Amino acid sequence: METLDELAERAARLILKARGETVAFTGAGVSAESGVPTFRGRDGLWKRFRPEELATPEAFERNPRLVWEWYRWRMEIIARARPNPAHLALAELEKLGLLRCVITQNVDGLHREAGQQCLVELHGNIWRARCTKCGHRVVFREPPREIPPRCPRCGALLRPDVVWFGEPLPEQEWRQALQLAREARVLLVIGTSGVVYPAALIPTIAKENGAKIIEINIEKTPITSIADIHIEAPAGKAIQKILEKIKQITRTPI
Ligand code: OAD
């Protein structure tokens, strides 16, 4: 079995060879080390809460207060979270011209806070809300005090500007993600269980279009079978290691 060092070196060489045509596809696992709970797995949110009661349009219609309370609780956790070494290493790869863009399923905004310039948020952003009547968008700087919050324009209910189960992904973001996946020479798949569609199509689309797949996860997932490199390690440690290898390789004259 290859060591983390060897796997990271192979990943680094693939990323260098891709000459900036590397794209990252991230999920909740990338923010786990920032203290943001993931959805699945042992301590996952969906172990304690039922998605159909909190993350569907029907749940919101039935009980907007309950849904908002759950989102406010998550906003409070996220407000305390800071980008971790995984977010920071991805932002650095972008600065080095080696990472084209990050496609994320996360709503926490931590990639942006880490300095990521090109970011596609497939499932929305928890800090944004939109009016259920006039569509007006509001950005929160802190969790709302009044629950459920109301539209400053028309007074109707605001809803979190995130994607719920049964809802389509935002059109422009999905189109952009598809294009990035098709054009990528390397796709870094980090901290996602790869079971929520359509987002989970991204690795397959990239693979079918010739990309090498590097997966970083603390366990195996349905994506592992198509991965060219599977690094079973926490995201922060693995990506920092890849970055370190990239720096070593580019410093060493051939
Ligand atoms: P999940 O919670 O389904 O999966 C998190 C993944 O991260 C798992 O595969 C873990 O093994 C892995 N993981 C945990 N800690 C890690 C670490 N430190 N380093 C690396 N990997 C780690 O989260 P997502 O795949 O993002 O959608 O879930 C997809 C969607 O399902 C979410 O966007 C959300 C959820 O329901 C909506 O709300 C629409």
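One-based numbering, in listed order, for ligands and for the atoms of each. All values reported here derive from a predicted model rather than from experimental measurement.
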Asker: Have a look at ligand 1 and work out which part of H123, if any, has a heavy atom under 4.0 Å from it: side chain, backbone, both or neither.
Answerer: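 Answer for H123: side chain.
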
Asker: So which protein heavy atom does atom 14 (C) of ligand 1 come closest to, and at what separation?
Answerer: I218 CD1, 3.5 Å

Asker: Indicate, as side chain, backbone, both or neither, the part of A32 found under 4.0 angstrom from ligand 1 when only non-hydrogen atoms are considered.
Answerer: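 Looking at A32 and ligand 1, just side chain atoms fall under 4.0 Å.
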
Asker: Check whether any N or O atom of F39, backbone or side chain, sits under 3.5 Å from an N or O atom of ligand 1, and answer yes or no.
Answerer: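 In this structure, F39 places an N or O atom under 3.5 Å from an N or O of ligand 1.
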
Asker: Under the criterion salt bridge (charged side-chain N to carboxylate O under 4.0 Å, His left out), I'd like the reasoning laid out for D228 against R10: C-alpha separation, chi angles, the key distance, then a yes or no.
Answerer: CA-CA 10 Å; D228 297 275; R10 263 211 296 140; over 6 Å; no

Asker: Strictly below 4.0 Å, N to O, side chains only: are K237 and E33 in salt-bridge contact?
Answerer: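 Salt bridge between K237 and E33, a charged N being under 4.0 Å from a carboxylate O: no.
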
Asker: Return the closest protein heavy atom for atom 26 (O) of ligand 1 as residue, atom name and distance.
Answerer: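 Protein heavy atom with the smallest distance to atom 26 (O) of ligand 1: A28 N, 2.8 Å.
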
Asker: Taking only Lys NZ, Arg NE, NH1 and NH2, and the carboxylate oxygens of Asp or Glu, determine whether R112 and E94 approach each other closer than 4.0 Å.
Answerer: no

Asker: Non-hydrogen atoms of W164 versus ligand 1: any pair closer than 4.0 Å?
Answerer: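 No; W164 lies far enough from ligand 1 that no heavy-atom distance drops under 4.0 Å.
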
Asker: Students should be able to answer this: which protein heavy-atom is nearest to atom 29 (C) of ligand 1, and at what distance?
Answerer: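 Among all protein heavy atoms, the one nearest atom 29 (C) of ligand 1 is Q105 OE1, 3.4 Å.
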
Asker: Between the side chain of R19 and the main-chain N/O of T22, is any donor-acceptor distance below 3.5 Å?
Answerer: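 Not confirmed, R19 side chain does not pair with T22 backbone.
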
Asker: In terms of relative ring orientation, are H111 and H87 parallel, tilted or perpendicular, with 30° and 60° separating the classes?
Answerer: perpendicular

Asker: Pairs of nitrogen or oxygen atoms closer than 3.5 Å, one from V196 and one from ligand 1: do any exist?
Answerer: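 For ligand 1, there is no N or O atom that lies under 3.5 Å from one belonging to V196.
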
Asker: In plain terms, say whether E171 and R175 are close enough for a salt bridge, that is, a side-chain N and a carboxylate O under 4.0 Å apart.
Answerer: yes

Asker: Would you call E92 and K247 a salt bridge, using N to O less than 4.0 angstrom?
Answerer: yes

Asker: With a 3.5 Å distance limit and no angle check, can you tell me whether R137 reaches the backbone of A129 through a side-chain donor-acceptor pair?
Answerer: no

Asker: For ligand 1, which atoms, with element, lie under 4.0 Å from some heavy atom of E219?
Answerer: 11 (O)

Asker: Heavy-atom contacts with F165 under 4.0 Å: which atoms of ligand 1 show up? List them by number with element.
Answerer: 36 (O)

Asker: Please identify which atoms of ligand 1 are closer than 4.0 Å to at least one heavy atom of E33.
Answerer: 17 (C), 18 (N), 19 (N)

Asker: So, W46 versus F39, ring centres under 6.0 angstrom or not?
Answerer: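 Yes, ring centres under 6.0 Å apart.
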
Asker: Is it true that W73 and F49 have ring centroids separated by less than 6.0 Å?
Answerer: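 Ring centres of F49 and W73 closer than 6.0 Å.
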
Asker: Can you tell me which residue and heavy atom of the protein come closest to atom 19 (N) of ligand 1, and the distance to 0.1 Å?
Answerer: A235 N, 2.9 Å

Asker: Can you find an N/O atom of P234 closer than 3.5 Å to an N/O atom of ligand 1?
Answerer: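 No; the residue has no nitrogen or oxygen that sits under 3.5 Å from a nitrogen or oxygen of the ligand.
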
Asker: Under 3.5 Å between any N/O of I216 and any N/O of ligand 1: does that happen in this structure?
Answerer: no

Asker: Report the C-alpha separation of T192 and Q105 in whole Å, then their side-chain angles, then the decisive distance to 0.1 Å, and conclude whether the side chain to side chain contact (heavy atoms under 4.5 Å, CB included) test is met.
Answerer: CA-CA 8 Å; T192 178; Q105 297 163 89; 2.9 Å; yes

Asker: Nearest to atom 39 (C) of ligand 1, what protein heavy atom do you find, and at what distance?
Answerer: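 The protein heavy atom lying closest is V163 O, 3.2 Å.
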
Asker: Of the protein's non-hydrogen atoms, which lies at the shortest distance from atom 16 (C) of ligand 1, and what is that distance?
Answerer: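 Going atom by atom, the protein heavy atom closest to atom 16 (C) of ligand 1 ends up being G29 O, 3.6 Å.
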
Asker: To which of G236, G27, G191, A233 does the heavy atom nearest atom 5 (C) of ligand 1 belong?
Answerer: G191

Asker: Taking 4.0 angstrom as the limit and counting only heavy atoms of W46, give me the atoms of ligand 1 inside it, by number and element.
Answerer: 35 (C), 36 (O)

Asker: My understanding is that we take every heavy atom of each candidate and find the minimum distance to atom 31 (O) of ligand 1. Doing that for R40, E215, E167, K220, which one comes out nearest?
Answerer: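 Closest candidate by heavy-atom distance is R40.
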
Asker: Out of T38, N217, T221, who is nearest to atom 8 (C) of ligand 1 when you count heavy atoms only?
Answerer: N217

Asker: Does R72 pair with E69 as a salt bridge, N-O distance under 4.0 Å?
Answerer: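 Salt bridge flag = no for E69 with R72.
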
Asker: Is C131 close enough to C151 that their SG atoms are under 2.5 Å apart?
Answerer: no

Asker: Among all protein heavy atoms, pick the one closest to atom 25 (O) of ligand 1 and tell me residue, atom and distance.
Answerer: T192 OG1, 2.7 Å

